[in-house]
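Just below is one structure, and these are the notes that go with it.
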Amino acid sequence: MANLESIVSNLFGAGGKSRSGNLQYPMDVGHMSRSDHYVQFFINEQIDAKASISGGAVPRAPTTRASGSITLYMPNQIQVSQKANYGEAEIGLLVAGAIASYQTVSGGLSQIDLGSVADTLKKEGGNTVAKALEGAGATGAVAAKAIASGETTNNRTEMKFEGIDRRSFQFSFRLLPRSSKEAQAIQEIVTLFRYHSMPGFTDDSLGRTLKAPSTFDIRYHPEEHLHKIGTCALEAVDVKYGGDRPQFFKDNQPTETELTLTFKELDIVTKEKVAQGF
């Protein structure tokens, strides 16, 4: 069985570009009825791309699709989650009063309760003075005002849309080799994911510029009833060897490898994207 150094040498040619060929687990994935559902990972290598430590640039650096792909069995569960972010915005008394007054203008200026507006201004002015005193070191000014008046201000808040999070996808695979050939393929698969998730130094003399990691395109087979996934960055690669206790074959290959991959989409998903199947 080849060691890790020879595996890396076989996987990557000159300049760090991946050699052609497909890696898969199990070996019969996509060909047996029990494994005709699978997930395929395509690697986009940024051979000539550069990412400066001090900042980035737009648009993104161009990528080149690596020859071959990684094919793994479909996990027991796959999921997609999307999150819209909302926050509470405080509406002050002056703004609330102005809005209320503006809404009544359609009924005529005579419909505006000038006494209510004046009372609002008076209260807001008192609150402003108390807050200013509190900020100047007069601790308890706001509380003293509330105690003296027997009233407290109930801050009016409104929900407002603030944006959306990028989608994340996590895949966990339990890899149990049934032969030395499968054990070799598992080690190559793990090494390839680890390799392409990391940056590399460029040839600049200061050694402070990093070559950006590769990106990934992920595809389910079949996918007509599942969500599509846009181009992703591989945020984390977690590898565990052995099950309840360390176990190895006679050639020192582990009898079990657990691989967990965490991806994040580069672009955000909108209504238009969902309508396209994302």
Side-chain angles (χ1 to χ4, degrees), residues 51-60 77-107 111-113 116-172 197 212-213 215-218 226-238 260-278:
S52 174
I53 293 179
S54 60
V58 177
R60 296 189 183 98
Q77 290 184 337
I78 56 175
Q79 67 178 49
V80 57
S81 60
Q82 50 202 62
K83 182 176 181 295
N85 298 315
Y86 289 84
E88 292 189 10
E90 183 177 334
I91 308 298
L93 287 174
L94 283 175
V95 175
I99 293 174
S101 299
Y102 177 78
Q103 290 175 340
T104 58
V105 169
S106 59
Q111 300 298 317
I112 299 178
D113 187 352
S116 177
V117 172
D119 186 55
T120 297
L121 292 172
K122 181 179 179 180
K123 287 183 178 180
E124 185 68 3
N127 290 335
T128 300
V129 172
K131 290 178 180 178
L133 290 173
E134 187 99 23
T139 304
V142 174
K145 177 183 178 301
I147 293 172
S149 65
E151 298 177 344
T152 188
T153 301
N154 181 21
N155 294 328
R156 177 178 174 180
T157 60
E158 296 288 346
M159 292 285 288
K160 67 184 183 71
F161 174 67
E162 294 183 337
I164 59 177
D165 291 343
R166 284 176 167 80
R167 299 191 303 179
S168 293
F169 301 90
Q170 188 175 84
F171 300 92
S172 292
S197 69
T215 59
F216 290 78
D217 291 319
I218 305 170
L226 298 174
H227 56 272
K228 297 178 182 178
I229 301 177
T231 300
C232 293
L234 179 50
E235 287 193 308
V237 180
D238 297 308
T260 302
L261 308 169
T262 303
F263 295 90
K264 178 169 284 188
E265 276 183 318
L266 299 182
D267 297 324
I268 61 174
V269 172
T270 59
K271 285 185 173 76
E272 293 77 13
K273 284 280 191 179
V274 173
Q276 295 170 12
F278 287 86

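Values reported hereafter were calculated over all heavy atoms of this structure, with side chains retained and with hydrogens, waters and symmetry mates removed.
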Arg166/Glu265 ion pair, N-O < 4.0 Å: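 Judged by the 4.0 Å cut-off on N to carboxylate O distance, Arg166 and Glu265 do not form a salt bridge.
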Would a 4.5 Å heavy-atom cut-off, applied to side chains only, mark Thr215 and Leu266 as touching?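 Yes. Closest side-chain heavy atoms under 4.5 Å.
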Is the closest side-chain heavy-atom distance between Phe169 and Ile229 below 4.5 Å?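 In short, these two side chains touch, coming nearer than 4.5 Å.
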With a 3.5 Å cut-off and sequence neighbours excluded, list the donor-acceptor pairs that the side chains of residues 77-85 form with protein atoms.
{"residue": "Lys83", "atom": "NZ", "partner": "Asn85", "partner atom": "OD1", "Å": "2.5"}
{"residue": "Asn85", "atom": "ND2", "partner": "Asp165", "partner atom": "OD1", "Å": "2.9"}

So which heavy atom on Tyr86 is nearest to which on Met159, and how close?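 That closest heavy-atom pairing would be CB-CE, 3.4 Å.
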Heavy-atom closest contact (Val274 atom, Val269 atom, distance):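 Looking at all heavy atoms of both residues, the shortest contact is CG2-CG1, 3.6 Å.
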Identify, with sequence neighbours excluded, every residue that meets side chain to side chain donor-acceptor pair (under 3.5 Å) alongside [X].
X	value
Ser197	none
Glu162	Lys160
Thr270	Glu272

Please enumerate all residues that pass side-chain contact (heavy atoms from CB on, under 4.5 Å) together with Thr260, with sequence neighbours excluded.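 With sequence neighbours excluded, Thr260 shows a side-chain contact (heavy atoms from CB on, under 4.5 Å) to Gln170, Ser172, Asp238, Glu258, given in chain and number order.
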Partner residues of Phe216 under the ring pair (Phe, Tyr, Trp, His ring centres under 6.0 Å) criterion, sequence neighbours left out: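 In terms of ring pair (Phe, Tyr, Trp, His ring centres under 6.0 Å), with neighbours along the sequence ignored, Phe216 is linked to Phe193, Phe263.
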Nearest-0.5 Å distance, CG of residue Asp267 to SG of residue Cys232: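 If I round to the nearest 0.5 Å, the distance is 9.5 Å.
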Which residue pairs pass the salt bridge (Lys or Arg N to Asp or Glu O under 4.0 Å) test with at least one member in residues 226-236, sequence neighbours excluded?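 Every pair satisfying salt bridge (Lys or Arg N to Asp or Glu O under 4.0 Å) with a residue in residues 226-236: Glu235-Lys264.
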How would you list, by chain and number, every residue that makes a salt bridge (Lys or Arg N to Asp or Glu O under 4.0 Å) with Glu158, sequence neighbours excluded?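 Listed in chain order: Arg156.
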